[in-house]
Enquirer: 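Handing you a structure now.
Only this structure's heavy atoms are used, side chains among them; waters, hydrogens and symmetry mates stay out. When a residue number appears, it is its place in the shown sequence, counting from 1.
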Amino acid sequence: MSTTQPAQTPSARPDATDRHLDAPESVGAWLVRLLKGIAVGIGFILPGLSGGVLAVIFKIYDPMIRFLGNIRHRFLANVRYFIPVGIGAVIGIILFSILVAAAFGRYEAAFVCLFIGFVIGTFPSLWRQAGKNGRAPKHLVILGVSAVLIFALMLFGGQMDLNVPPSIPVWFGSGALIGLGVIVPGMSPSNFLIYFGLYDKMAEGIRDLDPTVFIPLFVGLVACVLLFAKAASWAFDTHYAGMYHFILGMVIGSSVAIFPTVVFTAEAVEKAGLGLPLFLVFCAAMLLAGIVASWLFSKVEDRYAGERDAIDAG
């Protein structure tokens, strides 16, 4: 590992990259990580979003990728830190699968707006995070290109109408697709599962705890994350600004693409059964609620970030 630029290379500052592990533990901090895990779990299966996006927003993406990329480094401390995140993710997946199978279909667009509000509310924080180690014109180009690419991909995917028969290999591949959404924030695996006619079946299988569905899903997800985590960790260590601007572009492009592909569609308006004016008001209210909630959540996050910074200063 290079030591010629210790002030700018994240991997050369182990104390900085591990500071989340050294922060004071408390019931409040544990519950915050549990809530983050629930949100990330919901992001895994919420149409239009990805668990990776929410992991970035809640500042657990970088620590998670570094841990999975070098699993022996402070193994027990990392396990302790991520236990509430993992529990929360399972709760979020199961809870939201029940909602999807029950009533989410009618208000899908409004719930998507709620989570897009989360993204909008945390965008300033993501922008600061991306520029932490400097920002050059090439990074803005990376941001723009990645935003356009994911936007075009989601628009193209929205035109697809395929039906793939479910099977154990198909569920394994679906889990790997969700895992890819963890590694590549901005990519929405749930959208592709909808295109393939698998989304509702997946939600029902998780709701019913069907082992032929959730076991291959879980194995595929873990296999994909472990396979690509080391490469992602290396990319962050060597190209921090470029990677974060790439992720930021993916977040922007996918967020914008959600509106024409998921929210403002004739099917979404018809399913809501509210009429167009009330539908728009409802979606706008949910969007605003998401922005306010993410702002309030960021205040809690800042409190614990301040504690970590105090440790670093000491």
Enquirer: Quick one: does Asp208's side chain have a donor or acceptor within less than 3.5 Å of a partner on Asp210's backbone?
Expert: no
Enquirer: Run through Val213, Leu221, Val219, Ile215 and flag the one making a side chain to side chain contact (heavy atoms under 4.5 Å, CB included) with Leu217.
Expert: Val213
Enquirer: Any chance you could measure Ile93, atom CD1, to Met202, atom CE, to the nearest 0.5 Å?
Expert: 8.5 Å
Enquirer: Could you tell me whether the side chain of Leu35 reaches within less than 4.5 Å of the side chain of Val32, counting heavy atoms only?
Expert: no
Enquirer: Working to the nearest 0.5 Å, report the span between CZ of Arg74 and CZ of Arg80.
Expert: 8.0 Å
Enquirer: Tell me the closest heavy-atom pair linking Phe151 and Gly253, and the distance in Å.
Expert: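 So the minimum-distance heavy-atom pair works out to CD1-O, 3.7 Å.
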Enquirer: First locate atom CG of Leu177, then atom CG of Leu198, and finally report the distance between them rounded to the nearest 0.5 Å.
Expert: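 Taking CG in Leu177 and CG in Leu198, the distance rounds to 10.0 Å.
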Enquirer: Look at the aromatic rings of Phe75 and Phe67 and report parallel, tilted or perpendicular, splitting at 30° and 60°.
Expert: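 Judged by the thresholds at 30° and 60°, the geometry between Phe75 and Phe67 is tilted.
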Enquirer: Determine whether Trp127 and Leu143 make a side-chain contact, defined as any pair of heavy atoms from C-beta on separated by less than 4.5 Å.
Expert: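 Yes, their side chains come closer than 4.5 Å.
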Enquirer: Quick check on ring pair (Phe, Tyr, Trp, His ring centres under 6.0 Å): which of Phe246, Tyr244, Trp234 does His239 satisfy it with?
Expert: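 The single option meeting the ring pair (Phe, Tyr, Trp, His ring centres under 6.0 Å) with His239 is Trp234.
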Enquirer: Hydrophobic cluster membership, with links at side-chain heavy-atom distances under 4.5 Å among I/L/V/M/F/W/Y: are Leu227 and Phe172 in one?
Expert: yes
Enquirer: Side chain to side chain contact (heavy atoms under 4.5 Å, CB included) between Leu68 and Leu226: does it pass, once the steps are laid out?
Expert: CA-CA 6 Å; Leu68 295 174; Leu226 291 178; 4.0 Å; yes
Enquirer: Going through the distances and angles, do Leu287 and Leu114 end up as a side chain to side chain contact (heavy atoms under 4.5 Å, CB included)?
Expert: CA-CA 5 Å; Leu287 184 71; Leu114 177 69; over 6 Å; no
Enquirer: When you group the ILVMFWY residues by side-chain heavy-atom contacts below 4.5 Å and let the links chain together, are Val148 and Val145 in the same group?
Expert: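 No; tracing contacts between hydrophobic side chains, which count when under 4.5 Å, never links both residues.
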Enquirer: Check for me, please, whether Phe259 and Leu149 land in the same ILVMFWY cluster - side-chain distances under 4.5 Å, paths through other members count.
Expert: no
Enquirer: Run the numbers on Val269 and Phe264 for side chain to side chain contact (heavy atoms under 4.5 Å, CB included), then give the verdict.
Expert: CA-CA 7 Å; Val269 176; Phe264 300 129; over 6 Å; no
Enquirer: Any side-chain heavy-atom pair from Val85 and Leu34 closer than 4.5 angstrom?
Expert: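 Contact flag for Val85/Leu34 side chains = no.
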Enquirer: Of the non-hydrogen atoms in Pro211 and Pro216, which two are nearest, and what is the gap between them?
Expert: O-CD, 3.4 Å
Enquirer: Among side-chain atoms of Arg135 and His245, is any donor-acceptor pair under 3.5 angstrom?
Expert: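 Judged by distance alone, the side chains do pair up.
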Enquirer: Can you check whether Pro63 reaches Phe82 side chain to side chain, under 4.5 Å on heavy atoms?
Expert: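 Pro63 reaches Phe82 side chain to side chain.
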Enquirer: Please confirm whether Arg33 makes a cation-pi placement over Tyr81, using NZ or CZ under 6.0 Å from the six-membered ring centre and within 45° of the ring normal.
Expert: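 Judged by the rule, Arg33 and Tyr81 form a cation-pi pair.
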Enquirer: Shared ILVMFWY cluster between Ile178 and Val222, side chains joined below 4.5 angstrom?
Expert: yes
Enquirer: Using only atom types and a distance under 3.5 Å, with no angle test, would you say the side chain of Asn78 pairs donor to acceptor with the backbone of Ile71?
Expert: no
Enquirer: Is Val79 reachable from Ile87 through a run of hydrophobic residues whose side-chain heavy atoms are each under 4.5 Å from the next?
Expert: yes
Enquirer: Identify the two heavy atoms, one from Ile168 and one from Thr212, that lie closest to each other, and give their separation to 0.1 Å.
Expert: CG1-O, 4.1 Å
Enquirer: Could you state the interatomic distance from CD1 (Ile65) to NZ (Lys230), rounded to the nearest 0.5 Å?
Expert: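 So the gap between those two atoms works out to 12.0 Å.
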Enquirer: Of the non-hydrogen atoms in Gly242 and Ile142, which two are nearest, and what is the gap between them?
Expert: O-CG2, 3.7 Å
Enquirer: Show the nearest heavy-atom pair for residues Ala130 and Leu248, with the distance to one decimal.
Expert: CB-CD2, 4.2 Å
Enquirer: Could you pull out the closest heavy-atom pair between Gly179 and Cys224, with the gap in Å?
Expert: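 Where Gly179 meets Cys224 most closely, the heavy atoms are C-SG, 3.8 Å.
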Enquirer: With rounding to the nearest 0.5 Å, note down the distance linking SG in Cys283 to CG in Leu288.
Expert: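 Separation between the atoms: 13.0 Å.
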Enquirer: As an exercise, state the distance from CG of Asn133 to OH of Tyr240, rounded to the nearest 0.5 Å.
Expert: 6.0 Å
